S.K.: 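Handing you this structure, nothing more for now.
Every chain is numbered from 1 and lettered A, B, ... according to where its sequence line falls, protein lines coming before strand lines. Hydrogens, waters and symmetry mates are skipped; everything else that's a heavy atom, side chains included, is used. What you see is a predicted model; the values in this text were computed from it and never measured.
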There are 2 protein chains.
Amino acid sequence: MAQAIPFRQASPLKASCHQCSLSNLCLPLAIEENDLDRLEDIVQQGRIFNRGEHIFDQSTPYRSCFAVKSGSIKTSIITENGEEQVTGFFMPGELVGLDSIGSEHYACTAKALERTRVCEFPMEKLEELTGKLPELQHHMYHLMSQEIQNSHQLAMLLSKNTAEERIAALLLSLSSRFQRRRMSPTNFSLPMARNDIANFLGLAVETVSRVFTRFQNQGIIKARGREVELLDIEALQMVSREFSRQCNN
Amino acid sequence: MAQAIPFRQASPLKASCHQCSLSNLCLPLAIEENDLDRLEDIVQQGRIFNRGEHIFDQSTPYRSCFAVKSGSIKTSIITENGEEQVTGFFMPGELVGLDSIGSEHYACTAKALERTRVCEFPMEKLEELTGKLPELQHHMYHLMSQEIQNSHQLAMLLSKNTAEERIAALLLSLSSRFQRRRMSPTNFSLPMARNDIANFLGLAVETVSRVFTRFQNQGIIKARGREVELLDIEALQMVSREFSRQCNN
DNA sequence: GTACATAGTTGACATGGATCAAATCGGACG
DNA sequence: CGTCCGATTTGATCCATGTCAACTATGTAC
């Protein structure tokens, strides 16, 4: 894929927020062009994690939150008896670690689902900055609010909806998140394994698998492994009966 | 209960945060004595809601978050098809409305479970203030983080735990929240109906009822209506297998 | 290319909790 | 004090989904 010329192109490690393609999704969204430098001063850009590597885990002392630059991340809580509960999937432009501010350690474990590049925002400095930039502060509050809402949405899905509804909702959520990044909302490849989907949605892997094939037989989706094509979005919305797409902004 | 002399005692409507008995739980917790006045300047204290009244609902334009001063509040999301999902219960000292910052309208509906007194913090002014008081800003971030964690905890409960485990966990959570307020952790009265418990925990009312009587037969609790006595907290912890009580602070 | 490991699919069966139905309790109100 | 209506409890039955088991596909290492 990437040709041999390894460092020439990739090396502008100090690639600025100014020219980041995600600046309309990420924190810069809330910042005046002039003040963007101040954000760049505190961000550590471009750390790379390979598939399966931990960005942090529950024993890591809390320091920073992370923006996904490329790739994707799964967060989960590991209980003392070793069970895992996946709490979220994070795609480029999204912020990980908002659930741990003010805690000694991270409240969850974050693992790269594929080769993933992140930008790190040391929270101490970020708080300092948000104290000076009201817009940015407001944006942080807003992001955290949304995180709460998302989680409530998930709780709702888990407690009230059938397996089909849950999976339809997840597919739609992913779809709209791809779309936000100007990628195809109907043709994408799932960054996570069936196992993670199952765990996230509170289902058994087998059930996830069955629902996928059922959807496929009904002509609603086409799936081969992680490659997915949504053939009939309306049908999916009908199934998930979650037109409530307040997720967007 | 409260004798006839209605307004004499109750009237210091401008009762200050300074002398509020909850100042060690609520926002004042994060503020220097000197700066407390500035919080008092923006708070509207002492609004009272009767049981069943809405503090706000999903059609209310977002303005403020609310601290419970006495009584208790239930928040829920009402879907377009009329279903309700209870997202939380809020007791004195706790903050309601953190899930809606930056949204046009409140993301949920808040209803008083009993006669309830709240303090209102207009968010616009509160943001202004947190911009000036780093400690307060940090505390807000922390509170919101915890709200996310709580919600993840709930999601976990809903997706992985049995009816008994869920109910044990709820009882323990209530217990420790009463304890924080220097009230008995073993003897309290539930502010919410069985129905609300069921909805919150993703169960049918009947199941909740059955589990209560089962616990009672096992001698773990004693319950008559909403009056509850926890006879064997350890057993409850055993059942809920959620020693992870990171909920505190 | 072969082999092993991991991920995904499919089938058969068991069960926790939902649902339906009915009885009882409790509290507000005249 | 009796009535009425909602809240709670209890019982009987059913079903969506979990669990167990076996098979298949995919990918990685040698």
S.K.: Restricting to salt bridge (charged side-chain N to carboxylate O under 4.0 Å, His left out), what partner residues turn up for B/E164, sequence neighbours left out?
M.R.: B/R214
S.K.: Which of the following nucleotides, C/dG8, D/dT8, D/dG18, is nearest to the side chain of B/R226?
M.R.: D/dT8
S.K.: Report which part of the nucleic acid B/A193 touches: base, sugar-phosphate, or nothing (heavy-atom distance under 4.0 Å, all strands).
M.R.: sugar-phosphate
S.K.: Please confirm whether any donor atom in the side chain of A/R210 sits under 3.5 Å from an acceptor in the base of D/dG18, or the reverse.
M.R.: no
S.K.: Is the cationic atom of A/R194 (NZ for Lys, CZ for Arg) positioned less than 6.0 Å from the six-membered ring centroid of A/F212 and within 45 degrees of its normal?
M.R.: yes
S.K.: Can you tell me the distance, in whole Å, between the CD atom of B/E206 and the C1' atom of D/dT8?
M.R.: 10 Å
S.K.: Rounded to whole Å, how long is the line connecting atom CG of B/L201 with atom P of C/dA18?
M.R.: 11 Å
S.K.: B/A163 has a side chain; which of C/dT9, D/dT10, C/dG17 sits nearest to it?
M.R.: C/dG17
S.K.: Roughly, in whole Å, what's the span from CZ in A/R224 to C1' in D/dT24?
M.R.: 14 Å
S.K.: Rounding to a whole Å, what distance do you find between A/N161:CG and D/dT17:C1'?
M.R.: 15 Å
S.K.: In plain terms, say whether A/R47 and A/E53 are close enough for a salt bridge, that is, a side-chain N and a carboxylate O under 4.0 Å apart.
M.R.: no
S.K.: In whole Å, I'd like the distance from the CZ atom of B/R214 to the C1' atom of D/dG11.
M.R.: 14 Å
S.K.: Give the rounded distance in Å between these two atoms: NZ of A/K160 and C1' of C/dG17.
M.R.: 14 Å
S.K.: Whole-Å distance between C/dT10 P and A/F215 CZ?
M.R.: 15 Å
S.K.: Test of understanding: with ring pair (Phe, Tyr, Trp, His ring centres under 6.0 Å), list the residues that count as partners of A/F200, not counting sequence neighbours.
M.R.: A/F89
S.K.: Roughly, in whole Å, what's the span from CG in B/N195 to P in C/dT19?
M.R.: 12 Å
S.K.: May I ask you to verify if any side-chain N or O of A/T207 is less than 4.0 angstrom from the OP1 or OP2 atom of D/dG18?
M.R.: yes
